[in-house]
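All remarks here apply to the structure that follows.
In the text below, chain A, chain B and the rest are named by the order of the sequence lines, each starting its count at 1.
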There are 2 protein chains.
Amino acid sequence: MLGKVNHIAIAVPDMAAATATYRDTLGAKVSPPQALPEHGVTVVFVELPNTKVELLEPLGDASPISTFLEKSPAGGMHHICYEVDDIVAARDRLAANGARVLGDGNPKIGAHGKPVLFLHPKDFFGTLVELEEV
Amino acid sequence: MLGKVNHIAIAVPDMAAATATYRDTLGAKVSPPQALPEHGVTVVFVELPNTKVELLEPLGDASPISTFLEKSPAGGMHHICYEVDDIVAARDRLAANGARVLGDGNPKIGAHGKPVLFLHPKDFFGTLVELEEV
């Protein structure tokens, strides 16, 4: 079921500083920042040859990453996103195995404009898992 | 400087349960467990088309992931490993930018038999970064 790792998301408190570190200290190619107010985040992609790291900074008053940064003010790894061919089939397989999908259990349109699901970290050993249909 | 994401490491308290979840619930290909007593971990690779997830379970009394699991008993994302062409050049670039290398600052032979460095999470927004020369 799991396809490629689409991205590894890292929450950061200061996007300008994080972008400079990945670009200058680590020598990676970074995208311009994209504000996604409907998702409550600003995003910068760190482009690696085989996948990407997605730096996330809170945007607005109700960002989905605010609670994470309250607990880990320096930032940290937030989730892993895997690609799947068929997100409804993925959801049904997860349900059959007792894994919980966050929200109402139905795919939503994610930050890349594609259907996504987030899975409960307690069912995946403390890791927040995102599935994205590609 | 940064090349491919070699692996994303996830610390888990129960390897048998984690392996079953990645294989059966998420439908991924998983390797047999490898005990690496000299590194204080047992490792299972979750093989994705473009990279791999490395599940880590403590092995022995002085595992480098024991402290992490004391703080996060359910488990969680532990580090990201990026490939580099020249680890000594990487170290020198990091030092020139003020980033701290863990340990004595020199590459060690890592769990895959190749030279590695670990970078201080405080210099990378809460993310433990491993560099591996390939």
Grouping I, L, V, M, F, W and Y whenever their side-chain heavy atoms are under 4.5 Å apart, do [X] and [Y] come out in a common cluster?
X	Y	value
A:Y82	A:L56	no
B:L69	B:M15	no
A:I65	A:F45	yes
A:V41	A:I8	no

Self-check item: 4.5 Å side-chain heavy-atom contact, B:L26 and A:L94
Solution: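 Yes; the side chains approach each other to less than 4.5 Å.
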
Self-check item: Heavy-atom check, side chain of A:L2 versus side chain of B:L48, under 4.5 Å
Solution: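 They are in side-chain contact.
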
Quiz item: What do you reckon, is NZ of A:K108 surrounded by more than 12 foreign heavy atoms closer than 6.0 Å?
Solution: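 Atom NZ in A:K108 is packed in, count exceeds 12.
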
Quiz item: If you draw a 6.0 Å radius around CG in B:D61, do more than 12 non-hydrogen atoms from other residues or ligands fall strictly inside?
Solution: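 No - once you tally the heavy atoms of other residues, nucleotides and ligands closer than 6.0 Å, there are 12 at most.
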
Quiz item: Can you name the nearest heavy-atom pair linking A:R93 to B:G27, along with the distance?
Solution: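 It is NH2-CA, 3.3 Å.
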
So for [X], is it side chain, backbone, both, or neither that comes closer than 4.5 Å to the heavy atoms of chain A?
X	value
B:I10	side chain
B:A18	both
B:T25	both
B:A90	neither

Quick check for you: among [options], which has the greatest number of heavy-atom pairs under 4.5 Å with chain A?
options	result
B:G98, B:G3, B:P13, B:A99	B:G3
B:V46, B:V84, B:I80	B:I80
B:M1, B:H79, B:M77	B:M77

Exercise. Without swapping roles, check the side chain of A:N50 against the backbone of B:N50 for a donor-acceptor pair under 3.5 Å.
Key: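 Judged by distance alone, yes, a pair lies under 3.5 Å.
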
Quiz item: By a 4.5 Å heavy-atom criterion (distance strictly below it), what part of A:A17 contacts chain B: side chain, backbone, both, or neither?
Solution: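 For A:A17, the contact with chain B is made by backbone and side chain together.
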
Quiz item: What option among A:D14, A:V12, A:T21 has the most heavy-atom pairs under 4.5 Å with chain B?
Solution: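 Maximum pair count with chain B is reached by A:T21.
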
Quiz item: When only heavy atoms count and the cut-off is under 4.5 Å, which of residues 117-134 of chain B reach chain A?
Solution: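 B:L119, B:D123, B:F124, B:F125, B:G126, B:T127, listed by number.
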
